[in-house]
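Following: one structure in structure tokens, then a few remarks.
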Amino acid sequence: MDDLSLLPSCAQPLEREAYRSALHQFSARLAERFRQGEPVTQLVAERSRFMDALLTQLWQQFGFDKVAGLTLIAVGGYGRGELHPHSDIDLLLLYQEEPDEVLGLRIGDFIALLWDLRLEVGQSVRSVAECVAQGERDITVATNLIEARYITGHEPGFVALQAATAPSLFWPSEAFFEAKRQEQIDRHRQFQGTAYKLEPDIKSNPGGMRDIQTLAWVARRHFGATSLAEMSSQGFLNQAEYQELQDCQTFLWQVRFALHLAINRGDNRLLFDRQRTVAEILGFTGEGNGPVEQMMKRFYQTVRRVAELNEMLLQLFDEAILGNSAMDVRRISDEFQLRGRLIDAVEPDLFGREPAAILRLFYQIAQHPNVTGIHSATLRQLREARRKLGCWLQDIPECRRLFIALLRHPGGIGLPLTLMHKYGILAAYLPQWHLIVGQMQFDMFHAYTVDEHTHRLFKHFHFFTDPASRKPHPLCHELFNQLRKPELLFVAALFHDIAKGRKGDHSELGAVDALEFCQLHGFDRYESRLVAWLVRHHLLMSVTAQRRDIYDPDVITDFAQKVRDELHLELLCCLTVADICATNDTLWNDWKGTLLRELFFATQKALRQGLENPPDMRLKIRENQRQARQLLQEASDEAVTQLWSDFKADYFLRHTPEQIAWHTRHILAHADPSVPLVLVGKHTSRGGSELFIYCRDMPNLFATVASALDQKNLNIHDAQIMSSRTGFVLDTFIVLEPNGQPISPNRIATIKGALEKALEEPGKLVLRSKPLSRRHRQFNVPTRVTFLPHKGEVRHTLVELIALDAPGLLARIGAVFQQCGLALHAAKITTIGERVEDFFSLTTLEGEPLDLAQQRQLEERLIQQLAELTEG
């Protein structure tokens, strides 16, 4: 059946429902044909032709065909004849004489009808002169005009528009090229220059559809090429490159077409909550997240290829259009020369004859810091040689020597490594790296693909050499620049996540790969084992700092025993900080930095004094008290002594002298002990804002505080829950704003007031039932409760809780503790993307650890309560 037969007869009166029905039937038919595997290129062209016919018919229905000098023109993507299910239909109504009021109203009714038919219409009503004036001011308008296509109406008007926008009169190709290149640079900057974010924009992402269109626009303006095939005929694309670019465009079109079908609107962002449906429509299969990861891996590999071709062709256009062939060509070796600031191979078949020359290219880049990139001719040669390699580059002895020399070179992990990642040379060197190219992780924690994450980790290492890193990373700046063999750290970084996507523990599998790599590349036995240890334990320091009580001497001793010596500690610290920073742009904050520094120095001290000589806790308590008294010179010694006699030893062990003095000063000045004392520190403590509560112990205290802070959109990251000998609580909470910063000063008074009010009425517990966000709803994180062994003298039960992050989570957890008759002594709250990994220290109200029956009851209650929360 011919699709155009769906349209109502033009002879009949205009029936909105008839046109709406025709559009619906056509769209349904197109969607079904797409699902059955018909070529997407054919379908987007057919939608454009159907729209031409529909608009032409409506044009006649409105009588515009009888209006002199009025033309209907398609511009933008519609002008190219490319319409996806919900693409914008950009129209230009071109007039010779400005419409009078009656005609203006009819044009308005025409556009309103198109909107009423639920078409995504963008329209302008202009004369040729107005088009030219607008286009001269705005490169986007100019681009649309260059792509203009006649639909119906006064054809001489369209011819006049084409004449007025010819390159000799309007945006000469040189100016057009410069403007489009800058437009692309600005667009890429909005995506932080990376194509590998986990929620990409199919159209605007670096390496996305817009990058292909940029090439087509420039080629059309300068050469008159109206398709990729015509670009090939101009000699800028060889046949293989043309086919590659065509294949990339087809896949991106398939993803966009499927996305429009999935969400039934014209949004090009491939968000988490859309990826499963799009993968299903495209026919990707597998268990769990397999279909999404397969689709996204192909997507990232596609945009990398587009970005590579885009860069190469824009360089070629630069030379052809602007004549920017570098005049200052100079040799830097027998094989390579510099063209301006771009490195170029002297011989056109160098890499094909001698694959080791590929590594020599990047070593030359390391040796010449003025190099900014690779010349287009060499990039083309590099791409062709990479495809024809008969073995992994690491199998070639000279390549192995050069790769390690590159890691040891002061400039090796900067631009050279970035370009090796960008142009697929790391994937050609390491078989394991080849497996992780475009490997996504379907979660809210990792912002990048595995390979891009590791690349960004190296960028943070490179940043540690910069004096500017002293402020955000003072410890790593000092440690990194004192390393004798930083290449050991680099190899560990290369392999720390390289086993992601394989079955099994990626740390263990990566350690095996790292050991084999080190042995193949000539590292001695000690160095090889050190690198493998770093890979195996690359999460150890982060987990210990964020999820364990680093003020517990047993935790420090256990961590120090695993680390073994200061070299392991220093390398692990640098790897941990760079790993966190490279995972997610918003993940690093002062809170994490402070925790890691405190863990580092506590462990360093333990290693230096010897693990057989644990610290004397009584000595530390007396020293903290002595320093706190010096800060309390205005207070009565007798009053301080009397108050402190009510505090247990653990209080003085776990607080700094400054904290002890701050608490003491305010408690002594607090007139009515029956009224809760709430302190909100104007200073930051350990990277966050400190809240201190002193009051009579009461039911639901932790849940009440957690609920009140949740209402104020604050995140608890640490909690020390203590009680005095006479039944007062001395609770300290470290909290952060959602952006990872301490409490904003202008919010302190309202937060303090909200806590005081909540503590006066602890029975009125507010358990927030806010719906999960669209992103959280895509994840299934089963609640898991684990009871951990405790090695210390204090008989607490340690509980690790893993669950889906949800509003009001901590308040619910606190309420469960209360229902089970449990006392909370400490909490570590860690949010990792869509999941929480929280750590609690509990006893019964009598101070005893939980027995098996109590543990089972707690586990059942937590699973039940959190299931209700996430279902709500």
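All values below were derived from every heavy atom in this structure, side-chain atoms included, with hydrogens, water molecules and symmetry-related copies excluded. Index from 1, following the sequence.
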**Request:** Apply side-chain contact (heavy atoms from CB on, under 4.5 Å) to Leu113 and Leu58, showing your working.
**Result:** CA-CA 9 Å; Leu113 171 63; Leu58 290 175; 3.8 Å; yes

**Prompt:** Hey, mind stepping through Leu83 and Phe50 against side-chain contact (heavy atoms from CB on, under 4.5 Å) and telling me if it holds?
**Reply:** CA-CA 10 Å; Leu83 279 185; Phe50 183 84; over 6 Å; no

**Request:** Report the C-alpha separation of Tyr78 and Asp52 in whole Å, then their side-chain angles, then the decisive distance to 0.1 Å, and conclude whether the side-chain hydrogen bond (donor to acceptor under 3.5 Å, both in side chains) test is met.
**Result:** CA-CA 10 Å; Tyr78 183 31; Asp52 285 357; 2.5 Å; yes

**Request:** Evaluate the side-chain hydrogen bond (donor to acceptor under 3.5 Å, both in side chains) criterion for residues Gln42 and Glu46: first the C-alpha distance (whole Å), next the side-chain angles of each, then the deciding distance (0.1 Å), finally the verdict.
**Result:** CA-CA 6 Å; Gln42 180 178 322; Glu46 285 191 26; 3.1 Å; yes

**Prompt:** Going through the distances and angles, do Asp65 and Gln60 end up as a side-chain contact (heavy atoms from CB on, under 4.5 Å)?
**Reply:** CA-CA 6 Å; Asp65 54 326; Gln60 294 169 6; 4.1 Å; yes

**Asked** Can you check side-chain contact (heavy atoms from CB on, under 4.5 Å) on Glu452 and Thr449, steps first, answer last?
**Response** CA-CA 5 Å; Glu452 176 64 12; Thr449 58; 3.3 Å; yes

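Closest approach of Arg126 and Glu130 over heavy atoms only: CA-OE1, 3.2 Å. In terms of heavy-atom proximity, Gln439 sits nearest to Asp451 at N-OD1, 4.4 Å. Closest of all the heavy-atom pairs between Ala142 and Phe170 is CB-CZ, 3.7 Å. Taking each heavy atom of Cys131 and Leu145 in turn, the nearest pair found is O-CD1, 3.4 Å. Scanning both residues, Ala427 and Val437, for their nearest heavy atoms gives CB-CG2, 3.8 Å. Here the closest non-hydrogen pair linking Ala164 and Val128 is CB-CG1, 3.6 Å.
If you take OG on Ser127 and CG on Leu161, they are separated by 10.0 Å, rounding to the nearest 0.5 Å. Rounding to the nearest 0.5 Å gives a distance of 11.5 Å between OG1 of Thr56 and CE of Met51. We find the NZ-CD distance between Lys297 and Glu293 to be 9.5 Å, quoted to the nearest 0.5 Å. In this structure, CD on Gln184 lies 5.0 Å from OG1 on Thr214, to the nearest 0.5 angstrom. Rounding to the nearest 0.5 Å gives a distance of 8.5 Å between CG of Leu382 and OH of Tyr423. Separation of atoms CG (Leu91) and CD1 (Ile73) is listed at 10.0 Å; rounding is to 0.5 Å.
With hydrogens and angles ignored, the 3.5 Å screen pairs a side-chain donor or acceptor of Ser27 with a backbone N or O of Leu23. Using a distance-only test at 3.5 Å, with no hydrogens or angles considered, a donor-acceptor pair links the side chain of Tyr150 to the main chain of Gly153. Using modelled atom types, no side-chain atom of Gln275 and backbone atom of Val292 make a donor-acceptor pair closer than 3.5 Å. Between the side chain of Trp171 and the backbone N or O of Gly135, at least one donor-acceptor pair lies under 3.5 Å. Of the possible polar contacts, one joining the Thr143 side chain to the Ile139 backbone as a donor-acceptor pair under 3.5 Å is found. Checking side-chain atoms of Arg256 against main-chain N and O of Asn268 turns up no donor-acceptor pair under 3.5 Å. Looking only at distances, a side-chain donor or acceptor of Ser87 sits under 3.5 Å from a matching main-chain atom of His84. Between the side chain of His375 and the backbone N or O of Ala377 there is at least one donor-acceptor pair closer than 3.5 Å. Judged by distance alone, the side chain of Glu241 and the main-chain N or O of Asn238 form a donor-acceptor pair under 3.5 Å. The backbone N or O of Ser204 lies less than 3.5 Å from a partner atom in the side chain of Asp201, making a donor-acceptor pair.
Side-chain contact between His260 and Arg265: absent, with no pair of heavy atoms (C-beta onward) separated by less than 4.5 Å. At a threshold of 4.5 Å between non-hydrogen side-chain atoms, the residues Leu261 and Thr277 do not count as touching.
Taking Ala216 as the reference, nothing meets the side-chain contact (heavy atoms from CB on, under 4.5 Å) condition, with sequence neighbours excluded. Scored by the side-chain contact (heavy atoms from CB on, under 4.5 Å) test, Asp138 finds Thr140, Val141 as partners (sequence neighbours excluded). Applying the side chain to side chain donor-acceptor pair (under 3.5 Å) rule to Gln301 yields no partners; only residues at least two apart in sequence or on another chain are considered. Qualifying salt bridge (charged side-chain N to carboxylate O under 4.0 Å, His left out) partners for Arg187, counting only residues two or more places apart in sequence or in other chains: Asp211. Partners of Thr250 according to the side-chain contact (heavy atoms from CB on, under 4.5 Å) rule, which considers only residues two or more places apart in sequence or in another chain, are Val40, Thr41, Gln246, Gln254. Shown here are the side chain to side chain donor-acceptor pair (under 3.5 Å) partners of Glu174, two or more places apart in sequence or in another chain: there are none. For the ring-ring contact (aromatic ring centres under 6.0 Å, His included) test, residues two or more places apart in sequence or in another chain that qualify with Phe64 are Trp59, Phe62, Phe110. With sequence neighbours left out, the side-chain contact (heavy atoms from CB on, under 4.5 Å) criterion links His222 to Ser173, Ile321. Applying the side chain to side chain donor-acceptor pair (under 3.5 Å) rule to Thr372 yields no partners; only residues at least two apart in sequence or on another chain are considered. Under the rule for a ring-ring contact (aromatic ring centres under 6.0 Å, His included), the partners of Phe34 that lie at least two apart in sequence or sit in another chain are Phe257.
Classification of Glu244 and Arg305 as a salt-bridged pair holds, one side-chain N sitting under 4.0 Å from a carboxylate O. Between Arg29 and Glu32 no salt bridge is recorded (no basic side-chain N to carboxylate O distance below 4.0 Å). Comment: Arg383 engages Glu308 in a salt bridge, judged by a side-chain N to carboxylate O separation of less than 4.0 angstrom. We find that Glu311 and Lys422 are joined by a salt bridge, their nearest charged nitrogen and carboxylate oxygen being less than 4.0 Å apart. Checked for salt-bridge contact, Arg276 and Glu280 miss the test: no charged N lies under 4.0 Å from a carboxylate O.
Listed by first then second residue, pairs satisfying salt bridge (charged side-chain N to carboxylate O under 4.0 Å, His left out) with a partner in residues 74-99 read Arg80-Glu82, Arg80-Glu147, not counting sequence neighbours. The side-chain hydrogen bond (donor to acceptor under 3.5 Å, both in side chains) analysis of residues 103-119, with sequence neighbours excluded, yields the pairs Arg16-Asp116, Arg20-Asp116.
Taking the ring axis of Phe177 as reference, the NZ or CZ atom of Arg221 does not stay both within 45° of it and closer than 6.0 Å to the ring centre. Annotation: cation-pi geometry not satisfied between Arg47 and Phe26 (NZ/CZ under 6.0 angstrom from ring centroid, within 45° of ring axis).
Counted by atom type alone, Gln190 and Asp186 present zero donor-acceptor pairs between their side chains at under 3.5 Å.
Below 30°, between 30° and 60°, or above 60°: for Phe223 and Phe317 the angle between ring planes is between 30° and 60°, a tilted geometry.
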